[in-house]
Structures are given as structure tokens and as C-alpha cells.
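Okay, structure first, notes after.
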2 protein chains.
Amino acid sequence: MANARDVAKAAGVSVSTVSRALVAPDQVSDATRRRVVEAAERLGYRPNPVARGLRLGRTHAVGLIVPDLENPYFASVTKGVQARARAEGYAVFVADTDEDASVEAELVAGLAARVDGLILASPRSDDATLLAAVEGSVAVLANRELDGLPSIALDDADGAAQVLGHLRALGHRRVAVAQGPSSSWSGNRRLAGLRAAAEQFGDVELVHLGSFRPYFSGGHVAADHAAASGATAVVAFNDLMALGILDRLRSRGVRVPQDLSVVGYDDVAVATLVSPALTTVHSPLSGLGRRAVDLLVGRLRGATGTSTTTHLPVELVIRGSTGVPAPVTTG
Amino acid sequence: MANARDVAKAAGVSVSTVSRALVAPDQVSDATRRRVVEAAERLGYRPNPVARGLRLGRTHAVGLIVPDLENPYFASVTKGVQARARAEGYAVFVADTDEDASVEAELVAGLAARVDGLILASPRSDDATLLAAVEGSVAVLANRELDGLPSIALDDADGAAQVLGHLRALGHRRVAVAQGPSSSWSGNRRLAGLRAAAEQFGDVELVHLGSFRPYFSGGHVAADHAAASGATAVVAFNDLMALGILDRLRSRGVRVPQDLSVVGYDDVAVATLVSPALTTVHSPLSGLGRRAVDLLVGRLRGATGTSTTTHLPVELVIRGSTGVPAPVTTG
DNA sequence: ACGAAGCGTGCAATCGTTTGCAGACTAGCG
DNA sequence: CGCTAGTCTGCAAACGATTGCACGCTTCGT
């Protein structure tokens with residue numbers, strides 16, 4: 001409400017002195033500074049961030065663009081971004097694309113002039129579109145790798161390898177894979193990780209069930225494919241899909257894990273709320289958000305390292321949905 | 001990147017004309033307007049929202065303050081707010097208080113000058129603090145009622161009444177209630193609704209188990225109390241708590257709904273992901289967010305109706321977790 | 001005692017836009 | 001042909017802060 005002029009008047013100084021007393025205290029005399037600070041406090045003065053943003057060209061705000069706020073994956077990322085950004089003195093604009101790649105560029109353009117930098121979480125646009133959209137802005141990616149933009153990602157391939165190692169150790173030799181959208185960058189990384197691990201083991205066969213929607217409903221569909229595949233375990237693209245698989249299997253009377261082991265990915269909170277609890281790959285999602293802010297803020301402060309990707313480690317957590325496969329009973 | 005001066009130069013006109021050509025097209029001649037629009041398009045000009053915000057005193061941004069973004073309840077509200085705000089041309093600042101009432105006022109103060117209006121979702125602060133914090137800003141409340149501020153809420157009392165009516169119709173006569181934090185405004189409204197309905201029926205007894213944390217973990221604790229209460233049904237403060245109750249009952253071998261019926265509240269997405277699926281009160285959460293934006297934008301456009309509360313209807317959805325109580329077997 | 005150095009303060013420009021005001025030019029009417 | 005009305009455009013102020021520059025005063029050294 002009160003602006004610098006009000007404070008200046010109250011303290012009997014000029015507006016410039018008010019500004020300096022607050023941002024460069026050593027440039028004003030002790031007596032003056034005290035008068036100004038006292039007046040500012042008494043009037044509840046806060047420098048207007050919009051005016052400051054215009055003058056300085058820095059708004060102290062960042063933008064976050066996510067595909068779906070209701071998806072617990074992005075809810076966690078958003079939480080992490082918000083927390084760290086606030087700690088660093090930045091306000092956060094958040095925009096939800098509703099999984100529609102075509103609105104991403106528009107959102108970037110709309111936010112660009114309002115923020116100092118942008119965080120794009122799992123953007124759905126293709127590489128060229130994305131690069132063109134962020135042209136002229138400072139941007140970092142979360143959960144996506146792209147030449148020319150710095151990014152934070154999870155070590156998806158390693159997580160997938162851990163999953164396959166776990167299943168193999170339990171005795172599984174035929175493992176079904178329920179993929180998500182083929183456009184999903186992290187999905188492809190996970191698949192590559194599974195393949196690499198399978199190849200390395202040599203004695204585990206992967207059965208590709210196809211692509212399914214990365215939600216509960218997609219899991220319902222995938223479950224029947226998995227049951228028909230002859231595999232003793234199924235690896236889902238993410239936890240939501242795995243939960244759908246569990247649900248469908250239960251209603252069909254397929255026992256988990258005796259008849260079929262099920263593995264998810266992400267370790268969203270819901271994974272522990274079902275029975276059997278879901279074996280999954282714990283992913284530090286809010287950490288991903290926090291690190292994205294760190295990376296962005298580093299850029300804004302002038303760090304100009306190479307635009308590389310940092311991979312955060314993930315960890316398999318074993319719960320009730322995986323177990324030793326039942327011995328094959330011959331008909 | 002390009003500003004009005006660049007466009008002016010390119011079109012051979014003054015900056016004022018550029019502005020007018022875009023915001024008040026009927027004030028410039030056809031020929032000039034075409035030249036300006038063409039130049040603006042060619043240069044990819046977008047009026048700088050920060051500068052415009054400074055000049056007009058309206059930033060075309062709104063702020064949303066929620067207790068916890070990871071809570072699916074608020075994730076849905078946030079999604080609704082974001083969607084409607086964007087449709088109305090507003091960008092959204094989002095801030096998460098981590099359930100800490102004491103940071104609410106600070107967040108409001110920090111955002112106040114950046115936004116045209118604020119939406120406070122389920123604020124935890126007490127009435128006086130809240131009113132003082134929003135002094136001087138345009139603010140609306142979601143899921144909280146407070147004299148002097150307009151708000152959108154859900155018809156909690158009616159939802160609770162529907163719950164009790166359902167249980168009574170099934171034959172339940174002794175119903176346990178697991179409350180959430182006593183500071184929860186909506187929790188108290190729900191409790192009041194249950195009490196009113198019980199009183200009206202006359203033949204249903206409510207057993208108060210106490211207050212529990214409104215999460216999965218709180219449900220674990222509440223479950224044992226419920227089992228010991230002699231009630232044939234338990235009503236939880238929200239879905240997360242109800243899921244915790246289900247989980248704990250299952251591990252204790254208590255059958256749902258034969259031995260004990262369980263009812264949640266909110267109908268978050270997870271409620272259908274468990275078995276038995278949760279009977280709960282479907283609450284239009286993203287609708288709540290959208291309506292909050294409508295209310296706020298109405299205020300910003302000058303509507304000055306009385307600061308009243310609108311209640312959105314809720315609807316009981318019956319799933320597998322409630323049923324007819326088993327006949328009492330005498331020892 | 002005079003000059004230089006240095007500290008503290010204010011003036012004014014600036015960021016990019018919008019908008020009141022006034023000037024210039026056209027057109028229309030008598 | 002002259003006056004008026006009206007249309008279009010530009011100038012300049014304004015929003016609220018930050019900051020380069022210059023000025024005035026004190027202080028110190030010689």
C-alpha cells in the first residue's frame with residue numbers, strides 16, 4: 001500500500017535515499033538509515049515487486065509448466081519447486097498443459113516476460129518445437145534431456161535395471177513390459193534400461209505388451225495382456241498403471257505375487273496404500289523439483305556451465321507385489 | 001523480446017499509436033492499424049505484462065495459497081483454479097504453506113503487490129489473523145467461511161447428512177466418527193452435519209473416537225479405536241484417513257463391510273483404487289477452484305455483492321466399503 | 001587558510017506501457 | 001471560401017522503483 005514516496009516524506013528524505021537505505025545500507029549515513037527504516041516499518045512499506053521488476057529486468061519469479069497437476073508425480077515435483085523457489089526468494093507461476101503438447105509453446109510465450117526463468121517438467125513437445133519455444137528465455141528441463149538445455153532427470157535406466165535384477169533374483173525369467181505413451185522420454189529410457197539389463201543377463205526374456213495410457217485405466221487393459229502373456233512378472237510404466245493392473249488382476253482372481261508379480265515406477269504416495277503394497281522405484285520427485293530450481297537459479301546468477309543433464313539416483317523399494325514365482329504346474 | 005518502440009519504428013509510427021492499434025483499434029485509421037499489426041506480428045511483439053501491470057495497477061495475475069500441494073484434495077483445487085484462471089487471461093502464482101498457519105500471512109503479504117487478487121484455499125489461520133492479512137487486497141476463500149470475505153465452499157453438512165442417511169438405511173444404529181484436526185473448518189461442518197442428522201433421526205448413536213491426523217497414518221490409529229467402539233460403521237474425516245482405516249482393518253482381519261462399514265469424504269481419485277472401493281462423498285474439487293476464480297474475477301471487474309458464501313452441492317457415492325451390518329451374534 | 005578528497009544526498013533518467021491532451025489535417029457545411 | 005467539427009496521431013506524464021551523476025558539505029593535509 002505505502003510506496004517509497006510515502007516513506008520518503010515520512011522520513012524527510014528523497015525517494016532515492018529510501019531506496020538506498022534499504023538495498024545499499026552502506027551508502028547512507030547511520031542516522032538517515034535509521035530514520036528511513038523506522039518510517040518504512042511504521043508504514044509497512046514493501047518495495048513493489050512489479051516496479052522493481054520493470055526497472056531491473058528481473059522479476060524474481062519463475063515459471064513452472066507441468067502436464068497435469070492432479071498427477072501425483074507432478075504434484076510432488078511442483079511441491080519441491082515451490083518450496084525451494086520460495087527459499088531462494090522467488091515466487092512461482094504454475095501452468096498446467098493438460099497433457100496437451102500444443103499449448104506448451106503458448107504458455108512459455110505467455111510467461112516469458114513475467115519470469116526470470118522457466119522450468120519445464122516432462123514437456124511433451126518435440127525437441128525442435130521446444131527449443132524454438134524457449135528461445136530467448138532462460139529455461140531448464142526436468143525429466144527430459146535435450147541438447148542445448150540444462151536439465152535434471154532421474155536415472156531411469158538404472159531404476160529399470162534394478163527392477164529387472166530384482167525380478168531375476170526372485171527367479172523370474174519371462175517378464176512382461178507395459179509401456180506408456182511412446183512419446184514419453186522417460187518411458188523410453190526405462191525401456192532401454194530394461195533391455196540393456198536383459199541383454200546383459202542373457203537369461204531373462206522381455207515380453208512387450210504394447211503401449212497403454214499411463215493411468216489406472218491403462219493398467220486395467222494392460223493386466224489382461226499380462227495375464228495372457230505367459231510372463232510371471234509385469235513391469236508397468238508407472239505406479240498408476242501398476243495399481244490398475246493390481247486392481248484388474250484381483251477382480252480376475254489372479255493372485256499377486258504368487259501368480260504374477262507387479263512392479264510400478266515412481267513410488268508415488270498411493271503405492272503404499274494398496275494391498276499388496278507396490279514394489280516400485282522410489283524417485284525423489286520433490287527433490288527433482290528442488291534441484292531444477294537450483295539449476296535455474298544458478299543460471300540466473302550467471303553460471304554458464306555446459307548445458308548438461310544431471311541424473312538423480314533412484315532406488316528400488318521392495319514391497320508385497322513381487323515375490324518368487326509359483327512353480328509351473330503342468331496341466 | 002521486441003518492445004513497442006521497435007514496432008513503432010518498424011511501422012513508422014509513434015509508440016502511442018502502437019499501443020492504441022492493439023488495445024483500442026477503433027481509435028486508429030485502418031491503414032495505420034494494419035501496418036502496426038503487421039509489424040507487431042513480424043517482430044513477434046507481445047506487450048510486456050510487467051510494464052503494463054505497473055502502469056495499470058493490474059497485473060492480470062492471481063495468487064493461490066494452499067496448505068499442501070501433494071494432498072490430492074488441493075491438487076485438484078489447484079488444477080481447477082489454474083484452468084479457469086488461464087481461460088480468463090490470468091496467470092497463477094501458487095504458494096504452499098506446508099500446513100503451517102503462521103506462514104499464510106507472510107505469503108499473502110509477499111504476493112499482494114504481484115497479483116490482482118488472492119484465493120485462499122482452506123486457510124489454517126484464525127479469523128482475525130486472516131482478516132488482518134488480506135486487509136487491502138482482494139481475496140476470496142475456498143472451503144472456509146468468514147464474515148467479511150466472499151467464499152466458495154462445499155455443502156459439507158449436507159454431505160455428512162447423506163452419509164448418515166445411507167448408513168441408517170443399511171441398518172446401522174451405532175456409528176463411529178473419526179475427526180480430523182479440530183481446527184479444520186470443514187471438519188467441524190461435517191461433524192455438525194452428522195450430529196444434526198443423528199438428532200433428526202433419533203435412533204442413530206454417534207460415537208466420537210477423537211481427532212486424528214487427516215492422512216493415511218491417522219487412519220491406522222483411528223481404525224483400532226473404531227474396532228473397539230462397538231460401532232458397525234465408521235465415518236472418517238477424509239478419504240486418506242478412510243484408506244488408512246481400511247488398510248489397518250485388513251491387516252487385523254476385520255472384514256469390510258461385513259464387520260465394519262467405512263465411509264470417506266472428498267472422493268479423491270485414490271478412493272476408487274482400493275478394494276473394497278471407498279464409499280465417500282464426491283466433492284467437486286476442481287469445480288471449487290474454478291468457482292473461486294469466477295468469484296474473484298467478478299470482484300475484480302467490480303461486482304460488489306455482499307460477501308457471502310456459496311455452497312456447492314456434494315453427492316454421496318456408494319461403493320464397496322459400506323454394507324448391511326452383520327447380525328449380532330451373542331457370545 | 002586553501003585545495004583536494006570523500007562521503008552523503010538529491011536530481012533526473014530509465015524500464016515498457018497506457019492515456020489525457022493538444023495539434024494537424026480533412027471534410028463538410030453554409 | 002471560411003469556419004467548425006471530427007478524426008487521427010504524437011507528445012509527455014504517469015506507474016514505482018533503481019542508479020549514474022553531480023553537487024554540497026565536512027574533513028584533512030599541507
Side-chain angles (χ1 to χ4, degrees), chain A residues 1-37 39-40 43-61 89 91 109-116 136-137, chain B residues 1-37 39-40 43-61 89 91 109-116 136-137:
Chain A
M1 210 72 184
N3 60 21
R5 204 163 53 220
D6 301 329
V7 177
K9 206 167 301 177
V13 297
S14 75
V15 179
S16 334
T17 301
V18 171
S19 175
R20 273 189 284 255
L22 300 175
V23 331
D26 51 338
Q27 287 188 35
V28 312
S29 72
D30 278 12
T32 311
R33 171 158 33 84
R34 267 194 296 274
R35 271 213 323 287
V36 170
V37 169
L43 297 177
Y45 169 70
R46 284 177 174 245
N48 183 320
V50 175
R52 174 180 273 176
L54 179 60
R55 174 65 228 254
L56 300 181
R58 290 178 301 110
T59 58
H60 268 265
L111 243 29
R114 288 180 180 271
V115 303
D116 295 342
S137 314
Chain B
M1 208 76 184
N3 61 22
R5 203 163 55 218
D6 300 330
V7 177
K9 205 167 303 176
V13 297
S14 75
V15 178
S16 334
T17 302
V18 171
S19 176
R20 272 190 284 255
L22 300 175
V23 330
D26 51 336
Q27 286 188 37
V28 311
S29 72
D30 278 12
T32 310
R33 171 159 33 83
R34 267 194 296 272
R35 271 211 324 286
V36 170
V37 168
L43 297 177
Y45 170 70
R46 284 176 173 246
N48 182 320
V50 175
R52 174 180 273 175
L54 180 60
R55 173 66 228 255
L56 299 180
R58 291 178 299 111
T59 59
H60 269 264
L111 244 28
R114 290 180 180 271
V115 302
D116 294 342
S137 314

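These numbers come from a predicted model, not from an experiment. In what follows, every chain begins at residue 1, and chains take the letters A, B, ... in the order their sequences are listed.
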- Task: Specify the separation, in whole Å, of atom CG of L22(B) and atom C1' of dT19(C).
- Result: 15 Å
- Task: Examine distances only and state if a side-chain atom of T59(B) and a backbone atom of R114(B) form a donor-acceptor pair shorter than 3.5 Å.
- Result: yes
- Message: In whole Å, I'd like the distance from the CG atom of D26(B) to the P atom of dC8(D).
- Response: 9 Å
- To the nearest Å, give me how far apart CZ (R114(B)) and P (dC15(D)) are. 21 Å
- For R52(B), what residues pass the salt bridge (charged side-chain N to carboxylate O under 4.0 Å, His left out) criterion, not counting sequence neighbours? none
- With no angle test and no hydrogens, is the base of dG8(C) tied to the side chain of R33(A) by a donor-acceptor pair under 3.5 Å? no
- Query: For V18(A), which contact category applies under a 4.0 Å heavy-atom criterion: base, sugar-phosphate, or nothing?
  - Reply: nothing
- Separation of atom CZ in R34(B) from atom P in dC8(D), rounded to whole Å: 13 Å
- Verify the contact: side-chain N or O of T17(B) to OP1 or OP2 of dT9(D), cut-off strictly under 4.0 Å; return yes or no. no
- Task: Please determine, for the side chain of V23(A), which listed nucleotide (dC8(D), dT19(D), dG10(D)) has the closest atom?
- Result: dT19(D)
- Item | Close side-chain approach of V36(A) to V13(A), heavy-atom, < 4.5 Å | yes
- Hey, is the main chain of D6(A) close enough, under 3.5 Å, to the side chain of N3(A) for a donor-acceptor pair? yes
- Task: Would you name the heavy atoms of A2(B) and L43(B) that are closest together and state the gap between them?
- Result: CB-O, 3.8 Å
- Task: For Q27(A) and dG20(D), give me the distance from atom CD to atom C1', rounded to whole Å.
- Result: 11 Å
- Message: With a 4.0 Å limit, can you tell me whether S19(B) has a side-chain N or O closer than that to the phosphate oxygens OP1/OP2 of dT19(C)?
- Response: no
- Message: I'd like to know if R33(B) pairs up with D30(B) as an ion pair, taking the criterion as any Lys NZ or Arg NE/NH1/NH2 lying under 4.0 Å from an Asp or Glu carboxylate oxygen.
- Response: yes
With 3.5 Å as the limit, what N/O pairs link the protein to nucleotides 14-16 of chain C?
residue, atom, partner, partner atom, Å
dT14(C), O2, R55(A), NE, 3.4
dT14(C), O2, R55(A), NH1, 3.2
dC15(C), O2, R55(A), N, 3.2
dG16(C), N2, A51(B), O, 3.3

- Note on the structure: Whole-Å distance, D6(A) CG to dA17(D) C1', equals 13 Å
- Send over the distance from R58(A) CZ to dG16(D) P, rounded to a whole Å. 21 Å
- Task: Flag the pair T17(B) / T32(B) as yes when at least one side-chain heavy-atom distance between them is below 4.5 Å, and no otherwise.
- Result: yes
- Task: For V13(B), report the nucleic acid contact type (base, sugar-phosphate, nothing); a contact means any heavy atom under 4.0 Å.
- Result: sugar-phosphate
- Task: Could you tell me whether the side chain of S16(A) has a donor or acceptor atom within less than 3.5 Å of a complementary atom in the base of dC11(C)?
- Result: yes
- Message: Between P on dT9(D) and CZ on R35(B), what's the gap in Å once rounded to a whole number?
- Response: 8 Å
